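What follows is one structure encoded as structure tokens, with my remarks underneath.
Bear in mind the structure is a predicted one, so any value in this text is a computation, not a measurement. Counting starts at 1 for both ligands and their atoms, following the listed order.
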Amino acid sequence: MPSSLDAYLGSQSGSGPHRQELADLIRHLSAAAVKLRNTIIAGGGGDNLGASREATNAGGDVQKELDVVADRVFMEAAKASRVAFFGSEEQDEPVTLKKDAPLAIAIDPLDGSSNIDTNVSVGTIFSILPVADEHRADPKTVFMQPGSRQLAAGFFIYGPQLLLVLSVGNGTHVFIFQPGFGGFVELRPSMAVEERAKEFAINASNYRHWEPQVRAYIDDLLAGSEGPRERDFNMRWVGSMVADCYRILLRGGVFLYPGDGRKGYARGRLRLVYEANPVAFCVEQAGGAATDGVNRILDVEPEGLHARTPLVFGSKREVERVARYMADPSALSERSPLFGKRSLFRS
Ligand code: P6P
């Protein structure tokens, strides 16, 4: 019988600070995820969960009914745990729970909610941070710690299977919810991201808004075996980062959401604290890499809970190659005219 999530958490309780409280919080988050899964698969009891509300969240994204349901379910889980501060994509400001508690959680309660109506996988992304005494006077400061300070991070995927991808700093592990067992059991211990990417994930409809370096990088992938990469690549874009991330953990690849020329997208679309940081933590713990195009994501100091960041993650060698394209625009002019101007997209 594979190890249960409970047994795994128990085995990790020895190393590092607040391990018991951490294990307890992850147990409560997992129970909340099962509740949300049951709501989703039941079609939300007749509510149109994909319905848009007359409201937007802090980042200006239109709120879906299920966004609000998810936020409530996970806040209840945090309240049942030793959590001082709850920072959510769905709430403008951090919420103070147990002020003297040792943990804070930053969370995207429902990532990819625009996919709910089309029955595509969606997810919950979470980041668990330590709370130091200097944070207690101003909860905002706890979410301005760099991602390297995370004690644990992970994401749930509500798809054909309910999965938990989790790292407590000792590798990245995948657990699957088994209704018959009534809990999560280990599916894949110690994920290891392929160093060499064969697939890339990007929303290509934004091509005309990208910087030249990003276009050049994508052009070279699209040129395949006839271009400077001298091999063909496949493309995937789910529109739910948790699904793209899990695929990359399983079979390698690279995911890009760069900044672009659209209004409000100079720093891209994704949030540093509760999307990029937890994904980066899990990907690095699996031997991959994650940057803002150039800089290691986990070293970036967040300017605030809802700060955006460009995000590139996946197979280490591919992420490093992107950084070379981004860091040295002059190199583009040295590329062969044949390849430099070759593009399948009208610029
Ligand atoms: P676009 C979902 O809204 C999300 O935050 C990520 O899960 C996903 O990768 C991205 O945005 C999709 O963005 O611009 O392609 O709709």
Item checked: Worked verdict on Asp219 versus Tyr207 for side-chain hydrogen bond (donor to acceptor under 3.5 Å, both in side chains) -> CA-CA 10 Å; Asp219 284 346; Tyr207 184 90; 2.9 Å; yes

Note to self: Please check: side-chain N/O of Glu211 versus main-chain N/O of Gly259, any donor-acceptor pairing under 3.5 Å?
What the structure shows: no

Notebook entry, point to check: Looking only at side chains, do Asn170 and Gln12 share a donor and an acceptor under 3.5 Å apart?
Noted result: yes

Notebook entry, point to check: Checking side chain to side chain contact (heavy atoms under 4.5 Å, CB included) against Val254, which of Lys316, Glu318, Glu199 comes through?
Noted result: Glu318

Next item on the list: In sequence, state the C-alpha distance, the side-chain angles, and the governing distance for Phe126 and Phe156, and then conclude on ring pair (Phe, Tyr, Trp, His ring centres under 6.0 Å).
Entry: CA-CA 9 Å; Phe126 60 90; Phe156 295 96; 5.7 Å; yes

Next item on the list: Might you work through the side-chain hydrogen bond (donor to acceptor under 3.5 Å, both in side chains) test for Tyr246 and Arg188, ending with a clear yes or no?
Entry: CA-CA 11 Å; Tyr246 183 58; Arg188 298 177 193 280; 3.0 Å; yes

Inventory of protein N or O atoms under 3.5 Å from ligand 1 N or O:
from: ligand 1; atom 1: 3 (O); to: Arg269; atom 2: NH2; distance (Å): 3.2
from: ligand 1; atom 1: 5 (O); to: Asp111; atom 2: OD1; distance (Å): 3.2
from: ligand 1; atom 1: 7 (O); to: Asp111; atom 2: OD1; distance (Å): 3.3
from: ligand 1; atom 1: 7 (O); to: Asp111; atom 2: OD2; distance (Å): 2.5
from: ligand 1; atom 1: 7 (O); to: Met241; atom 2: N; distance (Å): 2.7
from: ligand 1; atom 1: 11 (O); to: Arg269; atom 2: NE; distance (Å): 2.9
from: ligand 1; atom 1: 13 (O); to: Arg269; atom 2: NE; distance (Å): 3.4
from: ligand 1; atom 1: 14 (O); to: Tyr257; atom 2: OH; distance (Å): 2.6
from: ligand 1; atom 1: 15 (O); to: Asn203; atom 2: ND2; distance (Å): 2.8
from: ligand 1; atom 1: 15 (O); to: Trp237; atom 2: NE1; distance (Å): 3.0

